[in-house]
Amino acid sequence: MQRMGVDMKKNLLTVLILALLLVNIILTAVLMFSISGTNKQTAKLVANIATVLNLEMNEPGESEVKEEISLKDTATFAITGSMTIPLTGDSADNKTRYIMFDVALSMNKKHADYKNYGATILDWETQIKDVITSVVSRHTENECRNNLEGLKEEILDAIQELFGSDFIYKVGISEVMFG
C-alpha cells in the first residue's frame with residue numbers, strides 16, 4: 001500500500017512536470033512568433049530609414065550593382081557659369097522662386113561613346129543646359145531642398161536619354177542657392 005502511494009505521487013509529479021513542460025513550450029512558441037514579427041517590422045523600419053538617408057548602395061528593387069569608375073578613368077565637364085532656373089511655385093506669397101547652382105558632369109573615358117562625344121561635349125552644352133532646365137523647373141523649392149540627390153538622378157537620366165548612352169555616369173551640383 002505504501003509503495004502504491006509513492007508510485008502514485010511519482011506519476012502525479014511526472015504528469016505535472018509534463019504539463020508544465022508543454023505550457024513552457026507553448027509560451028516559448030508564442031513569444032518567438034511575437035518577437036519575430038516585431039523584429040521584421042523593426043528591420044523594415046531601419047531599411048526604410050536607410051533608404052531615405054541614401055545609406056544603401058542600391059535602391060530598393062534594383063538588382064544590379066553599379067560599376068565603380070576610378071578617378072583616372074573619369075573626365076569632368078563643368079557647365080560654364082552658374083545656372084539660374086525658376087522653380088514651380090509653392091509659396092504662399094506667390095513669388096517666383098529660383099535655384100542657382102553649378103553643374104559638373106562625370107564621364108567614363110573607357111566607355112565606347114566617350115570617343116564620340118567626349119571631345120565635343122562643349123558643342124552639346126546648350127542642349128545639356130536645356131535638359132537640366134526642363135528637369136529642374138518641374139520641381140518646387142521644397143522638393144529641391146529635400147531631395148537634391150533625387151534631382152541629380154533625374155537630371156542624369158534625362159542627359160543619358162539625350163545622348164542615348166550612359167557614358168555620363170554622374171551629375172555633380174554645387175554652390176546651391178535658393179531665392
Side-chain angles (χ1 to χ4, degrees), residues 1-74 85 87-94 97 99 101 103-108 110-111 131-132 134-162 164-178:
M1 268 300 187
Q2 196 175 22
R3 175 106 169 100
M4 188 185 269
V6 173
D7 286 339
M8 191 180 278
K9 285 182 181 177
K10 285 183 180 178
N11 286 342
L12 205 56
L13 194 55
T14 304
V15 169
L16 183 64
I17 290 172
L18 182 62
L20 289 174
L21 182 65
L22 286 173
V23 168
N24 189 16
I25 290 172
I26 291 169
L27 289 176
T28 302
V30 168
L31 187 64
M32 288 302 293
F33 285 120
S34 66
I35 288 175
S36 67
T38 304
N39 189 21
K40 287 179 186 175
Q41 291 173 348
T42 304
K44 184 178 177 183
L45 177 65
V46 169
N48 287 342
I49 291 171
T51 300
V52 168
L53 296 176
N54 291 321
L55 296 177
E56 293 182 348
M57 292 297 286
N58 296 336
E59 294 294 321
E62 184 178 316
S63 60
E64 65 184 53
V65 177
K66 292 182 180 179
E67 176 187 353
E68 289 292 323
I69 300 167
S70 69
L71 286 177
K72 78 172 190 174
D73 296 330
T74 299
I85 302 171
L87 299 169
T88 300
D90 68 343
S91 63
D93 57 5
N94 291 328
R97 301 289 181 192
I99 184 172
F101 53 85
V103 180
L105 306 177
S106 297
M107 301 177 286
N108 181 358
K110 288 189 173 184
H111 196 285
V131 166
I132 294 170
S134 68
V135 169
V136 174
S137 66
R138 292 189 300 236
H139 294 280
T140 64
E141 180 180 357
N142 287 336
E143 291 170 346
C144 292
R145 284 183 189 271
N146 296 333
N147 192 11
L148 194 59
E149 291 301 316
L151 186 64
K152 287 193 247 184
E153 285 296 319
E154 280 186 56
I155 292 169
L156 178 62
D157 290 343
I159 291 173
Q160 288 176 342
E161 186 178 318
L162 171 70
S165 174
D166 61 350
F167 79 99
I168 296 175
Y169 68 91
K170 184 177 177 185
V171 172
I173 294 178
S174 61
E175 305 296 325
V176 180
M177 290 187 282
F178 293 94

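The structure presented is a predicted model; accordingly, all values stated were derived computationally and were not measured. If you read the sequence from its start, that first residue is 1, and numbering goes on from there.
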Identify the heavy atoms of [X] and [Y] that sit nearest to each other, and give their distance.
X	Y	answer
D166	H111	OD1-NE2, 2.8 Å
I168	L156	O-CD1, 3.4 Å
S137	T88	O-OG1, 2.8 Å
I173	V176	CG2-CG2, 3.5 Å
V131	S134	O-OG, 2.9 Å

Determine whether V171 and L105 make a side-chain contact, defined as any pair of heavy atoms from C-beta on separated by less than 4.5 Å.
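Side chain of V171 against side chain of L105, heavy atoms only: contact under 4.5 Å found.
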
Would you check if I132 and I85 make a side-chain contact, meaning some heavy-atom pair closer than 4.5 Å?
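SC-SC contact between I132 and I85 confirmed.
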
Determine the sole option in N24, V30, I25, L31 for which the side-chain contact (heavy atoms from CB on, under 4.5 Å) test with T28 is passed.
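Of all the options given, the one that passes is N24.
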
Evaluate whether atom CG of L71 has more than 12 neighbouring non-hydrogen atoms of other residues, nucleotides or ligands under 6.0 angstrom away.
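Not more than 12 within 6.0 Å, no.
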
With a sphere of 6.0 Å drawn around NZ of K170, does it hold more than 12 non-hydrogen atoms of other residues, nucleotides or ligands?
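No - once you tally the heavy atoms of other residues, nucleotides and ligands closer than 6.0 Å, there are 12 at most.
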
Rounded to the nearest 0.5 Å, how far apart are [atom1] of [X] and [atom2] of [Y]?
X	Y	atom1	atom2	answer
M32	L27	CE	CG	13.5 Å
I26	L21	CD1	CG	10.0 Å
L87	E141	CG	CD	7.0 Å
N11	L18	CG	CG	12.0 Å
L12	I17	CG	CD1	10.5 Å
E154	N147	CD	CG	8.0 Å

Under 3.5 Å, side chain of Q160 to main-chain N/O of Y169, donor-acceptor pair present?
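No; judged by distance alone, with no hydrogens or angles, the pair does not exist.
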
With a 3.5 Å distance limit and no angle check, can you tell me whether N39 reaches the backbone of I35 through a side-chain donor-acceptor pair?
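No, because the side chain of N39 does not come within donor-acceptor range (under 3.5 Å) of the backbone of I35.
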
Check step by step if side chain to side chain contact (heavy atoms under 4.5 Å, CB included) holds for L151 and F101.
CA-CA 12 Å; L151 186 64; F101 53 85; 5.6 Å; no

